[in-house]
Amino acid sequence: MPILHGGAGDIYTNYYTPSNLQSNLDNLINFGKITPMIVVTPDVTSNGVFENNTYYMNDADGQYLYEDMFIKEFMPQIEKNYRVNNLPKFRAIGGLSMGGFGALHYTLKYPGLFKATAALSGAVRTKEEIISMDMNKYNRRYGKAFGLNLVGESRVNNKFYEDFDILNTTSNKLESEGYFYLDCGSKDNFLIGNTLLNLNLRKNKMNYTFIVRDGGHDWSYWTSGFDGMLLFISQKMQDFRFID
């Protein structure tokens with residue numbers, strides 16, 4: 001199960017420091033609350049810096065193809081080298097903030113690839129929020145994915161609609177056998193986007209859970225949500241079995 005990290009200086013090792021995802025996993029597995037699972041936390045930074053985030057998508061100019069690497073190289077490499085069952089029904093993905101968006105993006109763009117998808121405080125923004133974002137913030141978050149230094153409506157181009165517009169994903173692109181888990185804080189700026197996504201999943205009669213707890217967009221909220229996320233993933237893997 002890949003768990004994707006957030007942006008704004010967040011890195012993949014933050015799942016272990018300052019948080020302790022491994023402790024959550026070990027405790028839940030040792031007490032028999034979840035099935036054993038392999039969790040990987042890939043690094044999404046471009047050349048190790050955050051000047052321009054990838055947002056788990058390919059660059060618009062084709063220079064840095066993170067999404068292609070993740071789907072075509074990273075996942076096959078993990079499934080080749082570790083003792084896992086690579087059937088989609090045994091595969092899940094999760095993430096927080098930018099990583100929550102990444103998890104949703106991959107599941108919706110590649111229907112059937114993952115059985116369960118979990119997003120903690122997923123960075124789901126509306127078209128209007130991206131159009132009105134100041135240039136520095138836009139470039140850091142979406143410049144490489146949609147095009148650097150774009151202004152206003154030019155930001156919501158074909159790349160935006162192909163890769164980012166998950167709020168308007170239609171039922172023919174959604175995988176009816178999949179499960180979605182959304183957990184967002186009541187004081188989080190992404191609550192609007194997550195609520196709209198919840199309504200879209202409901203409209204399309206998807207299998208989903210939407211949780212709003214008291215809190216904001218920070219590590220105290222995310223660490224308090226790890227157990228719920230892992231329990232949800234495990235419950236959707238009820239037919240898990242070890243590979244001989």
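Computed from a predicted model, the values in this text were never measured in an experiment.
Distance check, rounded to the nearest 0.5 Å: OG1 of Thr209 to CG of Asn198 gives 10.0 Å. From Leu4, atom CG reaches atom CG of Asp43 across 11.0 Å, with rounding to the nearest 0.5 Å. Note: Asp165 CG to His105 NE2 = 12.0 Å, rounded to the nearest 0.5 Å.
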Inset, instruction - Let me see the working for Asn168 and Asn200 under side chain to side chain donor-acceptor pair (under 3.5 Å), right down to the final yes or no. - result: CA-CA 7 Å; Asn168 294 305; Asn200 188 43; over 6 Å; no
Inset, instruction - Go through the steps to decide whether Tyr82 and Gln77 satisfy the test side chain to side chain donor-acceptor pair (under 3.5 Å), and finish with yes or no. - result: CA-CA 9 Å; Tyr82 292 89; Gln77 183 73 6; over 6 Å; no
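Annotation: His217 is in aromatic contact with Phe190 [ring centroid separation under 6.0 Å]. Checked against the 6.0 Å centroid criterion, the rings of Phe114 and Tyr106 do not qualify as a close aromatic pair. Between Tyr179 and Tyr208, the distance separating the two ring centers is not shorter than 6.0 angstrom.
Using cut-offs of 30° and 60° for the angle between ring planes, the Tyr142 and Tyr138 rings count as tilted. Classification of the Phe164-Phe160 ring pair by plane angle, with boundaries at 30° and 60°, yields tilted.
The shortest non-hydrogen separation linking Arg155 to Leu150 is NE-O, 2.7 Å.
The side-chain heavy atoms of Leu182 and Val124, taken from C-beta on, include no pair separated by under 4.5 Å. Proximity of Asp134 to Lys137: side-chain heavy atoms (C-beta onward) are separated by under 4.5 Å at one or more points.
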Quick one: side chains of residues 25-32, donor-acceptor pairs under 3.5 Å with protein atoms, not counting sequence neighbours, listed by atom name and distance.
unit_1 : atom_1 : unit_2 : atom_2 : d
Asn27  : ND2    : Ser23  : O      : 3.2
Asn27  : ND2    : Ser23  : OG     : 3.4
Asn30  : ND2    : Asp26  : O      : 3.0

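Distance alone, capped at 3.5 Å, places no donor-acceptor pair between the Thr54 side chain and the Met57 backbone.
In this structure, Lys109 pairs ionically with Asp163, as a charged nitrogen and a carboxylate oxygen lie closer than 4.0 Å. Using a 4.0 Å cut-off between charged nitrogen and carboxylate oxygen, Lys144 and Asp61 count as a salt-bridge pair.
A cation-pi arrangement is present between Arg213 and Tyr221, with the terminal nitrogen or guanidinium carbon under 6.0 Å from the aromatic centre and inside a 45° cone about the axis.
Placement of Leu148 and Val156 in two distinct hydrophobic clusters is found when ILVMFWY residues are connected by side-chain heavy-atom separations under 4.5 Å, directly or transitively.
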